[in-house]
Undergrad: 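Right, I'll just put the structure down here and ask away after.
Quick caveat, the model's predicted, so the values are computed rather than measured. No hydrogens, no waters, no symmetry mates; every other heavy atom, side chains included, goes into these values. Chain letters run A, B, ... following the sequence lines, proteins first and then strands; every chain starts at 1.
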Amino acid sequence: MSANISTYLDRILAGLPATLWATVGGIALTVVLSFLAGTALLSPRLPVRALSRVYVEGFRGSSEVVQLFFFAVAVPIFFGVAIGATAQGLLLIGILVLGLNHGAYGAEIVRGAVQSVPKGQLEAAVALNLTPRQRLWRVVLPQAVVEMLPSFNTLFIQLVKATALLSFIAVPEIFKKADELRAVPEFSRELGVIYLLELVIYLLIAVAVTVIMRWLEKVAARRAGRTPSNRRRPVGAVL
Amino acid sequence: MRKWRWDRFFEAFPYIWDGLRVTIEFTVLGSLVAYLLGLIFAIVRGLRIPVVDQLLWAFIEFVRGTPLLVQIFVLYWIVRPDLLGGLEVETQRFIVGVTALGVHYACYTSEVYRAGIEAVPAAQWEAATALSLPRRRVWTDVILPQAIPRVLPALGNYTIAMFKEVPLLSAIVVLDMVYQVKTVYAGSAGGAGPEAWFAVGLTFLALSYPCSILVRKVQRRVGVL
């Protein structure tokens with residue numbers, strides 16, 4: 001390998017806080033928006049359904065990079081604040097876009113999971129005279145969440161990978177930091193090492209997300225009174 | 001709050017138009033690579049050759065777990081100078097772009113194919129064996145004709161996803177929609193404001209949304225996977 005490896009690691013890790021903030025903030029906003037828009041998609045009122053449909057299709061149908069540029073340019077102008085002037089402001093815009101974009105995908109996950117709860121469960125809850133709120137919180141959601149978690153795991157990993165896009169709007173995250181190293185002629189000959197370090201860091205974050213999500217799956221399954229499914233690879237014995 | 005100017009919104013379209021052809025070109029070619037390479041990955045993994053199987057699995061997981069943007073840069077700054085140094089710079093960018101998109105999505109489509117192949121009933125394999133068809137014909141005449149129609153909608157979804165990820169190639173100076181608006185347009189008219197970006201976003205939406213409705217329709221017809 002190379003003698004400069006600790007220098008590279010230092011420089012790249014200087015971007016780690018921004019990447020982690022983007023990941024955590026993005027995931028938090030994604031979860032909130034997913035549940036809001038996902039339940040709105042199931043609303044009996046048409047305007048509510050229509051509004052969330054527009055949000056979901058708008059963000060899923062256009063490109064994330066374009067959304068990023070749009071918000072980076074539009075937010076400072078519309079709100080009359082120089083939010084893009086500082087690294088924190090840019091990071092905030094980045095989190096906003098990550099959350100809005102992935103929240104639109106998450107909304108469909110929530111909708112699908114809520115719809116997959118057997119109808120008998122809801123009928124039983126009605127028969128037991130539970131209030132609509134109790135039905136949602138005590139019967140539907142605990143079962144729906146178990147269904148949602150594996151899909152959310154995939155979505156969050158997409159989000160981790162998407163944090164690299166924030167380099168487009170100059171957020172000092174790990175990819176931006178590594179890219180800055182390219183400008184130094186002495187380092188640019190060892191780009192292989194630099195990018196490899198980078199890829200490994202992304203992989204580690206993705207693995208960490210998966211570990212947490214698997215744990216949550218177990219907890220949620222237990223709380224819903226199910227034994228966690230052990231996900232074996234499907235065996236195609238004949239192949 | 002600044003006023004929204006529709007004239008600036010419409011000014012962006014000539015630039016978008018210039019980039020759109022490039023964006024679609026990369027989507028189509030990238031998809032073809034992803035479809036073919038994904039099928040090859042799936043079949044090779046289906047053969048269960050020791051070591052090769054594990055290596056391919058590790059490669060697929062690695063590619064799926066790391067950002068496409070970083071992969072594009074790896075190809076562009078590390079692989080390209082050695083392998084493509086002699087070619088014209090335009091061609092180099094073209095090859096890097098198509099390869100990056102194609103290989104990235106091949107890792108996703110290979111899993112789709114795998115699921116499709118595994119969904120073919122075991123009796124079909126047994127029947128093929130009973131007829132003592134040669135191995136190659138089992139694949140080409142029995143298994144793939146049943147597996148591929150079922151996975152087509154899922155492949156379509158990946159094409160739509162790829163279409164929306166082509167803008168990443170603007171980072172290596174591919175003249176797609178985003179590059180046009182970000183650089184060419186910003187340099188000529190009074191800069192690319194939110195109106196221009198809104199126009200690009202709408203263009204993506206106008207193309208990808210009808211496609212995803214179509215994919216959903218086909219999906220319903222051939223049965224979901």
Undergrad: Non-hydrogen atoms of chain A under 4.5 Å away: do they reach the side chain of F73(B), the backbone, both or neither?
TA: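 Its backbone and side chain both get close to chain A.
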Undergrad: Flag the pair F198(B) / W4(B) as yes when their ring centroid distance falls below 6.0 Å, and as no otherwise.
TA: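 Under 6.0 Å, so yes.
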Undergrad: Are a donor atom and an acceptor atom from the side chains of R111(A) and Q115(A) found within less than 3.5 Å of each other?
TA: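 Yes - a donor-acceptor pair under 3.5 Å links their side chains.
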Undergrad: Between S208(B) and G61(A), is there a donor-acceptor pair closer than 3.5 Å when you use the side chain of the first and the backbone of the second?
TA: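 A pair under 3.5 Å: yes.
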Undergrad: With the threshold set at 4.0 Å, does a side-chain nitrogen-carboxylate oxygen contact exist between E57(A) and R53(A)?
TA: yes
Undergrad: Among I205(A), I201(A), L191(A), which has the most heavy-atom pairs under 4.5 Å with chain B?
TA: L191(A)
Undergrad: Taking side chain as everything from C-beta outward and backbone as N, CA, C, O, which of these in F69(A) sits under 4.5 Å from a heavy atom of chain B? Side chain, backbone, both or neither.
TA: both
Undergrad: Quick check on L207(B) against chain A: is it the side chain, the backbone, both or neither that has a heavy atom closer than 4.5 Å?
TA: neither
Undergrad: With respect to chain B, which residue among E198(A), R182(A), Q158(A) yields the maximal number of heavy-atom pairs within a distance under 4.5 Å?
TA: R182(A)
Undergrad: Looking at E118(B) and R45(B), is any side-chain nitrogen of the basic one under 4.0 Å from a carboxylate oxygen of the acidic one?
TA: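 E118(B) and R45(B): not salt-bridged.
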Undergrad: Can you tell me which portion of S167(A) sits under 4.5 Å from chain B's heavy atoms? Options are side chain, backbone, both or neither.
TA: side chain
Undergrad: Assess, by modelled atom type and distance only, whether the side chains of Y105(B) and E165(B) contain a donor and an acceptor separated by less than 3.5 Å.
TA: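 There is such a pair (donor and acceptor under 3.5 Å, judged by atom type) between the side chains of Y105(B) and E165(B).
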Undergrad: What part of V74(B) gets closer than 4.5 Å to chain A, counting heavy atoms only: side chain, backbone, both or neither?
TA: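 Both backbone and side chain.
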Undergrad: Where does S170(B) contact chain A at under 4.5 Å (heavy atoms): side chain, backbone, both or neither?
TA: side chain
